[in-house]
Amino acid sequence: MSDEKLPTKDDPREQLREKILADYPRLGPDDSFKFACHPGVSCFNKCCGDVNIFLAPYDVLRMKKRLGMTSTEFLDKHALIPVQKDMKTPVVVLRMNEDEGKTCPFLSDSGCGIYSDRPWPCRMYPLGLASSKDTPDGWRGERFYFLMQEDVCKGFEEGREWTVRQWLDDQGVDEYDEWGEAFKELSLHKFFEDGGDLSPERLNMMFTACYDLDKFRQFVFSSTLLKRFEIDEDFIEEIRYNDEALLRFAFLWLRFSLFGEQTMKMKQDVVEAFKGAAKDERPD
Ligand code: SF4
Ligand code: SF4
């Protein structure tokens, strides 16, 4: 684990977020912008360095598969995992090379070397997605797109016009968004909104189940976990070999075990055993 700091109120990244909420024009799916990126632009490859790319579980799943690595190997080699005392949920950041330009390890002369499996933030660029927390429920505010107009990027001088929707379709963002929404059922859970904190052990459990899928699979098949729930045999076989199925299972199991949601059903004999144990522990 790295001791990299997470954004705080004084952090430039958090200040940028505040600025985006205050000043950036908000775009909807039908709004348009001009942009093109291709090897002919004078800035080609200049944006793939010295950036904080926050990875979601599905990003890691796709990248580790693309690279033929286990999730554990991928995280060891390509991720920074910042730890901070008041951290609510695990954070994983793509590790840049330690060269002068802090270039992305997947950058090649011809562009992104993992293009079809590049993570969500790289697909979105030059669009960003933000949401305001200034809502009555204080949590899930208005979501909107905005343009990251960075000086280095000359793509805005190219003539091609897109609507936001066309860009998202072209970049294959929808599939990533669906997984992102499923992850938010955990990472933006009401438990946190109500001020809840996970213990370090539970935080670690969430990290392993979401990000270190190969380690999580070992745990699932070497423990009694599967025996305690009513789970379809076909689905068990699927999660043995299929990472997407395992990640779906991980999200359901975490919602059950961390937040008490009824996303899974315990076997009746296990429920009875728990009741019995609780009765035995009652004082006379
Ligand atoms: S993953 Fe690809 S697109 Fe993203 S920063 Fe690295 S080289 Fe660039
Ligand atoms: S800076 Fe902009 S135009 Fe240049 S390579 Fe990056 S995304 Fe493309």
Side-chain angles (χ1 to χ4, degrees), residues 2 4 7 12-13 16 20 24-25 27 31-71 73-82 91-130 145-177 179-180 183 211 213 243:
S2 130
E4 169 152 319
R13 284 172 286 175
L16 174 62
I20 289 165
Y24 278 49
L27 303 179
D31 290 321
S32 56
F33 62 97
K34 283 192 176 152
F35 182 79
C37 177
H38 53 83
V41 287
S42 59
C43 52
F44 192 57
N45 278 352
K46 286 196 179 151
C47 52
C48 293
D50 201 12
V51 280
N52 283 311
I53 297 179
F54 289 83
L55 300 177
Y58 188 62
D59 292 325
V60 172
L61 183 160
R62 289 283 294 258
M63 292 165 90
K64 68 109 182 170
K65 264 168 97 164
R66 167 65 175 250
L67 297 165
M69 301 170 116
T70 66
S71 51
E73 289 166 342
F74 177 87
L75 293 166
D76 279 351
K77 188 164 181 198
H78 292 303
L80 293 170
I81 303 156
V91 171
V92 176
V93 182
L94 184 59
R95 183 194 290 267
M96 296 287 139
N97 288 329
E98 287 174 9
D99 56 14
E100 202 184 326
K102 295 187 182 162
T103 50
C104 175
F106 308 120
L107 186 63
S108 72
D109 289 344
S110 52
C112 177
I114 55 163
Y115 188 76
S116 56
D117 296 288
R118 67 201 184 286
W120 182 89
C122 305
R123 285 167 192 271
M124 288 288 288
Y125 191 85
L127 287 176
L129 179 63
Y145 300 96
F146 61 92
L147 275 180
M148 293 191 250
Q149 298 259 16
E150 292 174 334
D151 292 343
V152 68
C153 183
K154 305 300 175 202
F156 297 100
E157 295 167 14
E158 303 285 307
R160 175 135 190 212
E161 186 156 326
W162 306 83
T163 65
V164 168
R165 183 68 262 164
Q166 285 169 338
W167 181 257
L168 300 179
D169 286 346
D170 187 73
Q171 299 294 306
V173 171
D174 280 356
E175 188 181 1
Y176 281 73
D177 271 349
W179 282 102
F183 183 50
Y211 286 101
L213 277 179
D243 284 342

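Throughout, residue positions are numbered sequentially from 1 according to the sequence presented. All ligand and atom numbering here is 1-based and tracks the order in the structure. For clarity, every value in this text was computed on a predicted model and none was experimentally measured.
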Enquirer: Could you tell me whether K64 and D243 have a side-chain N and a carboxylate O separated by less than 4.0 Å?
Expert: yes
Enquirer: Got V91 and F54 here, is their nearest side-chain heavy-atom distance under 4.5 Å?
Expert: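 Yes - at least one pair of side-chain heavy atoms lies under 4.5 Å apart.
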Enquirer: Would you kindly say whether D177 and W120 are connected by a side-chain donor-acceptor distance under 3.5 Å?
Expert: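 On atom types as modelled, these side chains qualify, holding a pair under 3.5 Å.
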Enquirer: At a non-hydrogen distance cut-off of under 4.0 Å, which region of I53 contacts ligand 1 (side chain, backbone, both, or neither)?
Expert: side chain
Enquirer: Are F156 and L147 close enough, and set up right, to give a side chain to side chain contact (heavy atoms under 4.5 Å, CB included), and what steps lead you there?
Expert: CA-CA 10 Å; F156 297 100; L147 275 180; 4.0 Å; yes
Enquirer: Applying a heavy-atom distance cut-off of 4.0 Å, which protein residues contact ligand 2?
Expert: F35, C37, V41, C43, F44, N45, C47, Y125, C153, G155
Enquirer: Considering the heavy atoms of P119, write down every atom of ligand 1 situated less than 4.0 Å from one of them.
Expert: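 With P119 as reference, the close atoms of ligand 1 come out as 1 (S).
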Enquirer: Considering only residues two or more places apart or on different chains, which pairs with a residue in residues 150-160 satisfy salt bridge (charged side-chain N to carboxylate O under 4.0 Å, His left out)?
Expert: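 Of all non-adjacent pairs touching residues 150-160, none passes salt bridge (charged side-chain N to carboxylate O under 4.0 Å, His left out).
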Enquirer: Please identify each residue that fulfils salt bridge (charged side-chain N to carboxylate O under 4.0 Å, His left out) with R62, with sequence neighbours left out.
Expert: D117, E175
Enquirer: Test of understanding: with salt bridge (charged side-chain N to carboxylate O under 4.0 Å, His left out), list the residues that count as partners of D169, not counting sequence neighbours.
Expert: R165
